[in-house]
Amino acid sequence: MKKGRVEVFARTVPQSTTDSVRSATAHYTVARRNTLGRTFDDADDTRTKAAAVKDYVLDNLGPLLEQLEAQCKANGIHVHWAKDAAEANQVIVDICKASAPPGATIVKAKSMATEEIHLNRHLEEAGYHPVETDLGEYVVQIDHDTPSHIVAPIIHKNRKQIAKSFEREGLGPYSEVPEELAMQARSKLRADFMKADIGISGVNFAIAETGRIVLNENEGNNRLSTTAPRVHIALMGIEKILPREADLPVFLRLLASSATGQVLVSYIHMISGPRRADELDGPDQVHLVLLDNNRSGVINGPYREILRCIRCGACLNVCPVYRQATGHAYGTVYSGPLGAVLGPALEGVEKLGDLAKASSLCGACEEVCPVKIPIPSMLLKLRDEAYRAGVIKEPIPWGTYAFGATSAGRWRTGLKLLPMASHLPHPMKWGWSEFREPPEKEGRDFRKWWDENHK
Ligand code: SF4
């Protein structure tokens, strides 16, 4: 039997990684709950309304995208359409070639869409020098690692590991003091901002009504990436659209509270176009690249609601599988309950259908989702689809179980034989218990106790 990603990683993950993830996700979960409670009179009602707005977007995506394009163009923003990752990379590399010679520095703000299309690799192949400027993404880049959480890319690392990486890269003397580490990164990245010709960002929301791009952040690197260089390129999944300006405030508060437990993030940028004649700062050109990459296929299928996602990461933080296995175990750009649905939906059940197993189906992900995505029921659908496609094999011989469980005599005999089962070859040993010790029997035998005391 093919070993799932989760099983393989759980065997090899160092303990410190799991500790880092558990402590950070627990912190975010508590912060989310506290902030939601004091931010909204009725958080549940707000989530229902936000889900309705996103459903409206999915129902009217074509006209809204056309409206966004027209408004962006009226604002002086160049709009590009990319049907897949290859087209998006080509569009961005072509803009870079028209704007700066090979070898030029490109500063990048955090963007899961750029991770999705593996943009850095394509920029490097074209001869450019992309520099991640989000602190977490910067650590990922210098460590040749990949992000393990959509909001906190280095949630799997601790301070000591970051301090060693900075010392190795010559950013300064070894220090485990967070402020000193931040200052070391700041000095290094400030020089990159000053010399960069091009800045690349993602998009949190784009407003169809006004053609404005909205970016959320806490570090200020987004601001510098989008204003210091002469050219700003923003990459956006087509579902990130909001119909009206009036929709934005509630989404800004839902995103901040669900992601990091903040009422609002430290910086909210509303980009309405390139620098105007009377403005001191800002780029000469702004490009918006609209990425489909099979989102239009997902809209017409059974996993449509996953496109409501606003990438807050709350479902990752509460998921017992994510907390134990950590993000790299999923083997995809998007991890956790979100990734377990979005990955197979975007890339195919044949390729990633086994991710549907990475859930206890406890329902915590749906409970915290700010746009009420029914993740558990979609995971069940995916499991069914993956099973029918032969991607997931039945891990437990349920037919045999049903034969034993539907007769009292057979059940009693089975229980007597059960202690011997751990010494026999067993299908379950091919998966989970291949790498783990099954728990020892504890306490007394319940049936024996019952017979002794109730006869
Ligand atoms: S699925 Fe919901 S909870 Fe998970 S990242 Fe998306 S919006 Fe947040």
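Source: prediction; values computed, not measured. Counting starts at 1 for both ligands and their atoms, in listed order. Scope of the values below: all heavy atoms of this structure, side chains included, with no hydrogens, waters or symmetry mates.
Other residues, nucleotides and ligands contribute over 12 non-hydrogen atoms within 6.0 Å of the NZ atom of K381.
For the salt bridge (Lys or Arg N to Asp or Glu O under 4.0 Å) criterion with E239, the lone passing option out of R311, R308, K54 is R311. Among the candidates I271, L235, I213, the single residue satisfying the side chain to side chain contact (heavy atoms under 4.5 Å, CB included) test with V203 is I213.
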Show me the side-chain donor-acceptor pairs of residues 249-258 shorter than 3.5 Å, one per line, residues at least two apart or across chains.
residue, atom, partner, partner atom, Å
S257, OG, R253, O, 2.7
S257, OG, L254, O, 3.3
S258, OG, L254, O, 2.7

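For atom 6 (Fe) of ligand 1, the set of protein N/O/S atoms nearer than 2.8 Å consists of C309 SG, ordered by chain and number.
Under 4.0 angstrom from ligand 1, there are no non-hydrogen atoms of V368.
Each of the atoms 1 (S) of ligand 1 lies under 4.0 Å from some heavy atom of I375.
At a threshold of 4.0 Å, the pair R304-D55 does not count as salt-bridged, since none of the basic side-chain nitrogens sits closer than that to a carboxylate oxygen.
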Q) Passes side chain to side chain donor-acceptor pair (under 3.5 Å), Q285 versus H287? Steps please. A) CA-CA 7 Å; Q285 293 173 33; H287 297 262; 2.7 Å; yes
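A donor-acceptor contact shorter than 3.5 Å is absent between the side chain of R244 and the backbone of I207.
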